[in-house]
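As structure tokens, the structure follows; a few thoughts come after it.
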Amino acid sequence: MANPKLKSLGKALQNSNVIARRKPAAPAKTAYSPAEREEIFRRFSVQRPEPRGELEHTNPFTLVVAVALSAQATDAGVNKATRALFKVADTPQKMLDLGEEKVRDYIKTIGLYRNKAKNVIALSQMLVEEFAGEVPETREELVRLPGVGRKTANVVLSMAFGQATMAVDTHIFRIANRIKLAPGKTPDEVEDRLMKVIPKHYLYHAHHWLILHGRYTCKARRPECERCVIADICKSPEKSSDVPAPLVELPPQVIGEAVE
């Protein structure tokens, strides 16, 4: 006689397999087909073949500091403050030697400068004491630094170490939701979805393309759809034009004079 326990176990396993087959992993949420996503980023790549971040820096350390200072501030404003600072303190030890009070004097035109000066000194201290003065190359280590969150870590990993990451700032968060490319309620959710829906071969430059598109075309107050190269593909309910702008390569970026 068959063991009833084994019989019921067999049925349970069979049912779980059926459930597993009926519930495949849901694809990332996006309003665009693979072909449309391919075309969106192809056009961005033609428009800006080599996009760059607009924060001035000279090495991974000054990049970490600049990105940390850019929270709730414009890139242009940060650049104006850090030009003189980085001339005298472009390493963690030099920043420590400068001291918090003098750091404050250099960055006092930036919002929240007092707290940011504390973080700059604290992260410099940690880099000297725990990382031999070198900026770490992993997200897990970077986010341990005072004033460094996931977005800052992703920018550093991309710009300093050539890793394909998605740093979701206000521009990317707005665009991902506005045009329904990767809608999400939080930056982390948007990051996760963008990493899934952006064609892999365009992923390295994608965060810069999206930031620059949001900064200069798909602006917060009013998207300038007449200047948009993806106006015909865009599925935003806010768009005012279905006619794409001419697809031509833009002039080289002038770093340090970004218009917000």
Side-chain angles (χ1 to χ4, degrees), residues 28 30 40-41 44 47-48 50-57 60 62-82 107 110-113 115-116 119-120 123 135 139 142-143 145-198 202-224 228 230 234 236 238 253 255-260:
T30 181
I40 285 171
F41 288 95
F44 285 159
Q47 188 180 46
R48 290 186 172 94
E50 293 293 331
R52 294 186 291 163
E54 296 185 317
L55 284 171
E56 295 176 8
H57 61 283
T62 55
L63 177 62
V64 170
V65 172
V67 181
L69 293 177
S70 71
Q72 299 181 353
T74 65
D75 286 1
V78 171
N79 289 338
K80 289 177 182 178
T82 57
I107 67 170
I110 301 174
L112 307 175
Y113 73 95
N115 190 55
K116 289 178 179 179
N119 284 334
V120 168
L123 74 82
V135 175
R139 184 183 291 111
L142 282 167
V143 296
L145 299 173
V148 176
R150 187 178 179 89
K151 188 201 83 171
T152 299
N154 282 341
V155 172
V156 174
L157 290 173
S158 172
M159 294 179 64
F161 303 120
Q163 298 183 31
T165 61
M166 182 55 59
V168 179
D169 70 347
T170 55
H171 296 298
I172 292 183
F173 187 77
R174 178 180 71 253
I175 289 175
N177 282 284
R178 174 185 274 168
I179 74 173
K180 302 181 180 181
L181 178 62
K185 295 180 179 178
T186 67
D188 285 356
E189 192 173 49
V190 168
E191 177 189 337
D192 182 62
R193 288 176 175 172
L194 284 172
M195 293 294 288
K196 292 176 181 175
V197 304
I198 294 171
Y202 288 127
L203 195 54
Y204 177 66
H205 285 314
H207 81 284
H208 279 141
W209 284 325
L210 291 172
I211 288 170
L212 295 170
H213 186 64
R215 182 171 288 158
Y216 297 113
T217 304
C218 198
K219 298 178 179 179
R221 292 184 180 179
R222 187 188 75 82
E224 298 181 5
C228 179
I230 62 167
C234 177
S236 170
E238 298 179 46
Q253 289 172 251
I255 304 303
E257 300 299 329
V259 178
E260 298 292 329

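The figures here come from the full heavy-atom set of this structure, side chains too, leaving out hydrogens, waters and symmetry mates. Nothing fancy with the numbering, it's 1 onward along the sequence.
Between the CZ atom of Arg215 and the OG1 atom of Thr74 there is a distance of 8.5 Å, given to the nearest 0.5 Å. How far NE2 of His213 is from CZ of Arg174: 9.5 Å, rounded to the nearest 0.5 Å. We find the CD-OG1 distance between Gln72 and Thr170 to be 10.5 Å, quoted to the nearest 0.5 Å. The line from CE of Met166 to CG of Leu203 is 5.5 Å long, rounded to the nearest 0.5 Å. Between the CG atom in Asp188 and the CZ atom in Phe173 there is a gap of 10.0 Å [rounded to 0.5 Å]. Residue His171 holds its NE2 atom at 8.5 Å from OH of Tyr216, rounded to the nearest 0.5 Å.
In this structure, the side chain of Ser236 engages the main chain of Arg178 through a donor-acceptor pair within 3.5 Å. Between the side chain of Thr217 and the main chain of Glu224, no donor-acceptor pair closer than 3.5 Å is present.
Pairing each heavy atom of Val190 with each of Ala176, the nearest pair is CG1-CB, 3.5 Å. Annotation for Ala167 and Val155: closest pair CB-CG2, 3.4 Å, computed over non-hydrogen atoms. Minimum heavy-atom separation, Arg139 to Ala153: CG-CB, 4.1 Å.
In this structure, Leu212 and Gln47 have side chains that are not in contact, with every pair of non-hydrogen atoms separated by 4.5 Å or more. Counting heavy atoms from C-beta on, the side chains of Glu238 and Arg222 never come closer than 4.5 Å. Side chains of Met159 and Leu55 form no contact here, defined as non-hydrogen atoms less than 4.5 Å apart. Side-chain atoms of Glu191 and Arg150, non-hydrogen and from C-beta on, do get closer than 4.5 Å to each other. Annotation: side chain of Leu142 is not in contact with side chain of Thr152 (no heavy-atom distance under 4.5 Å). Contact check for Thr82 versus Thr62: no side-chain heavy atoms found under the 4.5 Å cut-off. Inter-residue side-chain proximity for Asn154 and His207 is flagged as unmet; no heavy-atom pair is nearer than 4.5 Å.
Between Phe44 and Trp209, the angle of the ring planes lies from 30° to 60°, which puts this pair in the tilted group.
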